[in-house]
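See below for the structure under consideration.
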There are 2 protein chains.
Amino acid sequence: MLRIDLAARVPVYEQIANGLRAELVAGRFDPGDRLPTVRALAIDLGVHHNTVAQAYRQLADEGWLELRRHRGATVRERQRPSSRSDLAEPFARPLRELLAKALAAGLSRKLLVRELMDSVRRLEEGAL
Amino acid sequence: MLRIDLAARVPVYEQIANGLRAELVAGRFDPGDRLPTVRALAIDLGVHHNTVAQAYRQLADEGWLELRRHRGATVRERQRPSSRSDLAEPFARPLRELLAKALAAGLSRKLLVRELMDSVRRLEEGAL
DNA sequence: CACTTTGTATATCACTTACAGACAAACAGC
DNA sequence: GCTGTTTGTCTGTAAGTGATATACAAAGTG
């Protein structure tokens with residue numbers, strides 16, 4: 001389901017939240033679906049259950065999950081937020097820096113273009 | 001020149017390195033060019049000079065800069081690394097998670113596609 | 001040769017992260 | 001209904017990291 005890199009710079013709880021958010025945005029869960037309990041997922045990922053709980057709480061804050069004690073995490077109906085163009089600015093810079101890193105790491109421009117076009121295709125298909 | 005966000009999650013020294021790397025990859029500096037001294041850039045950015053020094057050292061480790069005491073940081077001739085396709089994998093996931101965050105933050109797919117296509121165009125022009 | 005400039009090294013403080021362990025309350029089986 | 005288990009949460013803690021402060025050695029500058 002998820003792959004966690006304990007040595008990565010980005011915190012584990014954020015890796016979990018990022019991974020789940022990606023699946024939620026992609027619509028891989030339906031409203032009402034139950035996510036694994038914090039302990040079950042923690043064992044599955046090999047981390048502490050508090051770490052998973054933190055990720056769940058973050059996604060709950062963002063409105064993706066509803067957390068009720070002893071009922072687990074249920075996927076919430078969440079209207080896709082309305083788009084505003086001034087939100088593109090904080091996205092453009094991370095993207096540019098990510099591309100710079102990739103180029104510096106040795107990826108060719110051609111390969112990067114292919115990756116980006118893949119993302120474009122997935123986006124236009126409504127997926128991620 | 002650079003914009004630093006002290007409140008951001010990514011460390012300041014890495015923001016500096018990222019920003020400079022983006023300009024270096026884009027070819028905005030010529031080999032032999034001098035970068036500002038650590039103290040000058042530190043004052044300009046409002047951070048400690050050690051923080052800038054750390055960014056410079058990272059870029060030097062990557063081969064972008066040559067650091068000689070009292071001579072400042074000079075931009076090195078650096079052959080663009082050869083591309084290998086297995087390098088695309090560690091790039092795809094950050095990209096996907098970045099897109100997911102953007103979608104979750106309210107960017108429309110259409111807007112994201114436009115940003116990505118902008119990047120593609122810049123890449124194909126040899127810039128960034 | 002005195003003074004400034006410049007990158008570096010060491011120490012310190014604050015913050016974050018992941019974990020440990022205990023807890024209260026809802027659930028399951030009887 | 002009652003008891004034991006399950007489940008998310010709370011509090012505390014040890015380790016690691018980031019940014020700064022400060023001192024230092026050596027090259028530049030007049």
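- Distance CG/A:L107 to CG/A:L112: 5.0 Å, rounded to 0.5 Å.
- Look at CD on A:Q58: it is 17 Å from P on D:dG8, rounded to the nearest Å.
- The side-chain contact (heavy atoms from CB on, under 4.5 Å) test with B:Y56 is passed by exactly one of B:L67, B:T37, B:T51: B:L67.
- No contact: B:Y56 has no heavy atom under 4.0 Å from any strand.
- Rounded to whole Å, atom P of D:dA27 lies 16 Å from atom CZ of B:R39.
- Atom NE2 of B:H70 and atom P of C:dT6 are 9 Å apart (whole Å).
- A close approach under 4.0 Å does occur between a side-chain nitrogen or oxygen of A:R71 and OP1 or OP2 of C:dC27.
- Contact annotation: B:Y13 side-chain N/O to D:dA19 OP1/OP2 distance is not under 4.0 Å.
- Rounded to an integer number of Å, the gap from NE2 of A:H48 to C1' of D:dT9 is 12 Å.
- Both B:Q54 and A:T37 lie near DNA chain D, and the one whose nearest nucleotide falls closer to the 5' end is A:T37.
- Taken to the nearest 0.5 Å, the CZ atom of B:R76 stands 12.5 Å off from the CG atom of B:L24.
- Per the geometry, CZ belonging to B:R69 stands 5 Å off C1' belonging to C:dG7, to the nearest Å.
- In this structure, CG of B:N50 is placed 11 Å from C1' of D:dA23, rounded to the nearest angstrom.
- Distances were taken from every side-chain heavy atom of B:A53 (C-beta onward) to each of D:dA25, C:dT8, D:dT9; the shortest belongs to C:dT8.
- For the pair A:A17 and A:A55, the tightest heavy-atom approach, listed with the atom from each and the gap, is N-CB, 3.9 Å.
- Atom NE2 of A:H49 and atom P of C:dA20 are 9 Å apart (whole Å).
- In this model, the phosphate group of C:dT8 is not approached by any side-chain N or O of B:R68 to a distance below 4.0 Å at OP1 or OP2.
- Taking atom CZ on B:R57 and atom P on D:dG18, their separation rounds to 13 Å, with Å as the unit.
- Taking 4.0 Å as the cut-off between side-chain N and carboxylate O, A:E66 and A:R68 count as a salt-bridged pair.
- Taking only side-chain nitrogens and oxygens, B:T51 never comes nearer than 4.0 Å to OP1 or OP2 of D:dG18.
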